[in-house]
Amino acid sequence: MPNVDAQELHKFSELAHRWWDPNSEFRPLHQINPLRLDWIDQLAVLRGKAVLDVGCGGGILAESMAKRARHVTGIDLAAKPLGVARLHALESGLSNLDYREVATEALAEESPAAFDVVTCMEMLEHVPDPSSVVRACTTLAKPGGWVFFSTLNRNPKSFLFAIVGAEYVLRLLPRGTHEYARFIRPSELARWARDAGLSLQGTKGMEYNPLSQRYWLSEDTSVNYLVACRKPA
Ligand code: SAH
């Protein structure tokens, strides 16, 4: 059984044509992208590196990393977002970027220890068995390589902000984008990462002010958060 929820892929495929519209449902991804890109680059130094972006969707993060890294591979299991990503890369004139429709676990069997940096952002909360993706990302990283995750915390505040606030009040995201039961506590993600053999290097929270409509990185991991890990050399 592949580790995938067909309904989740369907949701992203339905919206795929609007992926690069900065005022669409994907506005939050466009807005947070410079923040996460710089954090990843500060820690892992993308210049000259081979990078894998897991659950890349339409390629917002993948493209931005390709402008700094030697090469980026983006993988996803939703065909339409990948189609959009390929077209957009052509339009952007990026030749060091390729996209593949392949499961993370399958690529891990095919190309273990192939990447200096692996990123897996806003994807684990859409997957039936996220710990399996964490293990596969670890396998895909070279010894000494970096692995980054971001997802949504699970607590009353994240329910209020990420579901009620974002989907119902502010309508930043379509209703049903996120399912509360799939949110992941930092302690759970940390345990999966450690069990996979990663060592935790840092965590950041992502905050949003609906009045200024701005995001910023902080130490508050209560809603959206990022984790940086390293595979032992
Ligand atoms: N990582 C991108 C896109 C996040 S949206 C970014 O942060 O900009 C979540 C993505 O995860 C979608 O593109 C969806 O198709 C993908 N996804 C969901 N389940 C998946 C699975 N089991 N395997 C691979 N990708 C998956």
Side-chain angles (χ1 to χ4, degrees), residues 1-22 24-40 51-67 72-89 92 97 99-110 117-137 139-140 147-152 162 166-167 172-174 176-179 182-184 192 204 206 208 215 217 224-227:
M1 275 292 283
N3 182 16
V4 59
D5 180 334
Q7 266 186 330
E8 292 284 340
L9 299 187
H10 182 72
K11 275 193 302 210
F12 290 103
S13 278
E14 286 290 286
L15 303 171
H17 58 287
R18 289 201 288 274
W19 209 288
W20 283 91
D21 176 350
S24 70
E25 296 85 347
F26 298 99
R27 181 182 172 90
L29 292 182
H30 286 279
Q31 286 195 294
I32 65 175
N33 199 57
L35 300 172
R36 59 192 187 177
L37 172 68
D38 283 343
W39 194 61
I40 291 165
V51 181
L52 175 69
D53 188 26
V54 171
C56 61
I60 295 171
L61 178 65
E63 272 205 16
S64 65
M65 293 195 293
K67 291 178 182 153
V72 176
T73 302
I75 64 169
D76 204 287
L77 286 176
K80 280 193 188 165
L82 280 176
V84 168
R86 287 190 187 107
L87 278 177
H88 201 275
S92 304
L97 172 57
Y99 290 105
R100 285 184 61 189
E101 189 176 331
V102 61
T104 323
E105 291 88 346
L107 188 65
E109 280 198 18
E110 187 188 305
V117 180
V118 179
T119 56
C120 178
M121 314 306 254
E122 317 300 329
M123 182 265 202
L124 292 175
E125 71 275 18
H126 301 286
V127 172
D129 181 0
S131 66
S132 162
V133 174
V134 171
R135 279 194 300 278
C137 289
T139 304
L140 285 155
V147 185
F148 294 88
F149 300 102
S150 72
T151 190
L152 285 159
E167 295 184 13
L172 299 171
L173 298 171
T177 298
H178 287 116
E179 195 184 320
R182 286 212 161 138
F183 289 5
I184 299 165
W192 298 335
K204 284 281 177 200
M206 206 140 38
Y208 179 66
Y215 291 84
L217 296 188
N224 209 183
Y225 64 98
L226 306 101
V227 175

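Numbering of ligands and ligand atoms starts at 1, following listing order. Small disclaimer: the values here were computed from a predicted structure and weren't measured.
- Of all atoms in ligand 1, listed by their number and element, those nearer than 4.0 Å to a heavy atom of Gly57 are 13 (O).
- Protein heavy atom nearest atom 11 (O) of ligand 1, with residue, atom name and distance: Met123 CG, 3.5 Å.
- Nearest residue to atom 12 (C) of ligand 1 from Asp76, Val4, Leu29, Asn3 is Asp76 (criterion: closest heavy atom).
- At least one heavy atom of Cys56 sits closer than 4.0 Å to an atom of ligand 1.
- A distance-only check finds a donor-acceptor pair linking the side chain of Ser150 to the backbone of Glu122 [under 3.5 Å].
- Between Phe12 and Trp19, the ring-plane angle classifies as tilted under the 30° and 60° cut-offs.
- The aromatic rings of Trp20 and His88 lie parallel to each other, their planes meeting at an angle below 30°, with 60° marking the opposite boundary.
- With a 4.0 Å heavy-atom cut-off, ligand 1 is reached by the side chain of Val127 but not by its N, CA, C or O.
- Ionic pairing of Glu101 and Arg86 is not present here: no N-O contact between side-chain nitrogen and carboxylate oxygen is shorter than 4.0 angstrom.
- The aromatic rings of Tyr215 and Tyr208 lie tilted to each other, with the angle between the two planes from 30° to 60°.
- For atom 5 (S) of ligand 1, the nearest protein heavy atom (residue, atom name, distance) is Phe12 CE2, 3.5 Å.
- Remark: minimum distance from atom 6 (C) of ligand 1 to any protein heavy atom is reached at Arg36 NH2, 3.4 Å.
- Side chain of Glu167 to main chain of Gly176: a donor-acceptor pair is present (N/O by atom type, distance under 3.5 Å, no hydrogens or angles).
- In summary, the side chains of Ser92 and Glu63 do present a donor paired with an acceptor at a separation below 3.5 Å, with no hydrogens or angles considered.
- Taking every heavy atom of Leu77 and a limit of under 4.0 angstrom, the matching atoms of ligand 1 come to 23 (N), 24 (C), 25 (N).
- Using modelled atom types, one side-chain atom of Asn3 and one backbone atom of Asp129 make a donor-acceptor pair closer than 3.5 Å.
- Ranking the protein heavy atoms by distance from atom 2 (C) of ligand 1 puts Gly55 O, 3.2 Å first.
- Close approach of ligand 1 to Trp19 is summarised as follows: ligand atoms under 4.0 Å from at least one heavy atom of the residue are 3 (C), 13 (O).
- For Glu8, no heavy-atom contact with ligand 1 is shorter than 4.0 Å.
- Ligand 1 places these atoms under 4.0 Å from at least one heavy atom of Ala78: 15 (O).
- In terms of polar-atom proximity, Leu61 is not counted as a contact of ligand 1, lacking any N or O under 3.5 Å from an N or O of the ligand.
- Heavy-atom contacts of Met121 reach the following atoms of ligand 1: 1 (N), 2 (C), 4 (C), 7 (O) (cutoff under 4.0 Å).
- In this structure, Ser24 contributes its side chain and Arg18 its backbone to a donor-acceptor pair below 3.5 Å.
- The closest protein non-hydrogen atom to atom 9 (C) of ligand 1 is Glu122 O, 3.4 Å.
- In this structure, the side chain of Lys11 engages the main chain of Thr177 through a donor-acceptor pair within 3.5 Å.
- Using modelled atom types, one side-chain atom of Asn224 and one backbone atom of Thr151 make a donor-acceptor pair closer than 3.5 Å.
- Closest protein heavy atom to atom 18 (C) of ligand 1: Leu9 CD2, 3.7 Å.
- Of all the heavy atoms of Phe26, none lies under 4.0 Å from any atom of ligand 1, so neither backbone nor side chain is involved.
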